[in-house]
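Any value given below was found using the heavy atoms of this structure, including those in side chains, with hydrogens, waters and symmetry copies removed.
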Amino acid sequence: LDLDFMLYLGFGPSDAGCARFAKHGLWRFRFGESSKYANYPPGVWEIIAGDPVTAAVLCTQSSEGSRARVLRSGAYATIMHQPRANADQVLAEVARWPAYVARSIRAELLDNEGDSIELGRTGQTGPPTTGVRIRLAWSSMKHKVARVPNLFYEDCWNVGIVEEPI
C-alpha cells in the first residue's frame, strides 16, 4: 500500500496501529473541546452545558495512540436551540479539511510541528444515554423559549458619515 493518509470517521477509539500503513498516519476528527467534552456526537455536550462555542479538530494520531498532532482546528458558535443544525454546521465545515490539509502537505505549506492534544478519555464520552437525550431536549426547549421575546423586536440601524476625525 502506498497511502498518503488514512481517515478514521468513527467516534470511538481507533486502532493506532493503522497509522503505520500511511505515510502521514491516521487522521481523525475530534469534536468538542478535548479538556471538557469528548467526541460524540458533535455539539451535543456544548448545548447541554450551555457552552457558546463548539470546537472541532482534525488531527493525526501517532502509532502509540495517546497523543495526536493538530492538523487543523476551528471553533463555531453553538446553535443552542437546534442540536441538528449545530451538528450540521460543524460537519459541513470540517468535511473540506482533509482535502485542504492534504493539498497543504503536498505543496509543503504545512509544517511538521504543531500543537498536540491528548486523545484519552475526557469529560463526557460515548453515545448519549436516555438521560442525556432528555437533558438535550430540555436545554434546546429552554433556549427556544428564551428566543420568543426577540421575535417581537427589530434592529434599527442608522449609518452616518462624519467629515471630522473622531
Item to complete: Could you tell me the separation between the NZ atom of K23 and the CE atom of M6, rounded to the nearest 0.5 Å?
Response: 15.0 Å

Practice prompt. For the residue pair L91 and N86, establish whether any side-chain heavy-atom pair is separated by less than 4.5 Å.
Written response: no

Worksheet item: Going from CZ on R96 to CG on L58, what distance comes out if it is rounded to the nearest 0.5 angstrom?
Response: 13.5 Å

Worksheet entry | Separation of H81 NE2 from S139 OG (nearest 0.5 Å) | 13.5 Å

Worksheet entry | Any F5 side-chain heavy atom under 4.5 Å of L26 side chain | no

Discussion item. Side chain to side chain contact (heavy atoms under 4.5 Å, CB included), that's the test. Do W97 and W27 meet it? Break it down for me.
Written reply: CA-CA 11 Å; W97 289 1; W27 294 3; over 6 Å; no

Worksheet item: So, T78 side chain and I47 main chain: donor-acceptor pair closer than 3.5 Å or not?
Response: no

Discussion item. With clusters defined by side-chain heavy atoms of hydrophobic residues (ILVMFWY) lying less than 4.5 Å apart, directly or transitively, does V145 cluster with I134?
Written reply: no

Discussion item. Applying a strict under-4.5 Å side-chain criterion to I, L, V, M, F, W and Y, I'd like to know whether L3 and Y8 cluster together.
Written reply: yes

Item to complete: Give a yes or no answer on whether the side chain of T60 reaches the backbone of H24 with a donor-acceptor pair at less than 3.5 Å.
Response: yes

Item to complete: Show the numbers, then the answer: is there a side chain to side chain contact (heavy atoms under 4.5 Å, CB included) between R30 and C59?
Response: CA-CA 8 Å; R30 294 283 298 184; C59 55; 4.0 Å; yes

Discussion item. Quick check against the 3.5 Å criterion: does E46 have a side-chain atom that pairs as donor or acceptor with the backbone of I79?
Written reply: no

Fill in: From CE (M80) to CD1 (I48), nearest 0.5 Å
11.0 Å

Worksheet item: Is there a side-chain contact between V57 and F31, using heavy atoms and a 4.5 Å cut-off?
Response: no

Discussion item. With a 4.5 Å cut-off on side-chain heavy-atom distances among I, L, V, M, F, W and Y, is there a chain of contacts connecting Y100 to F29?
Written reply: yes

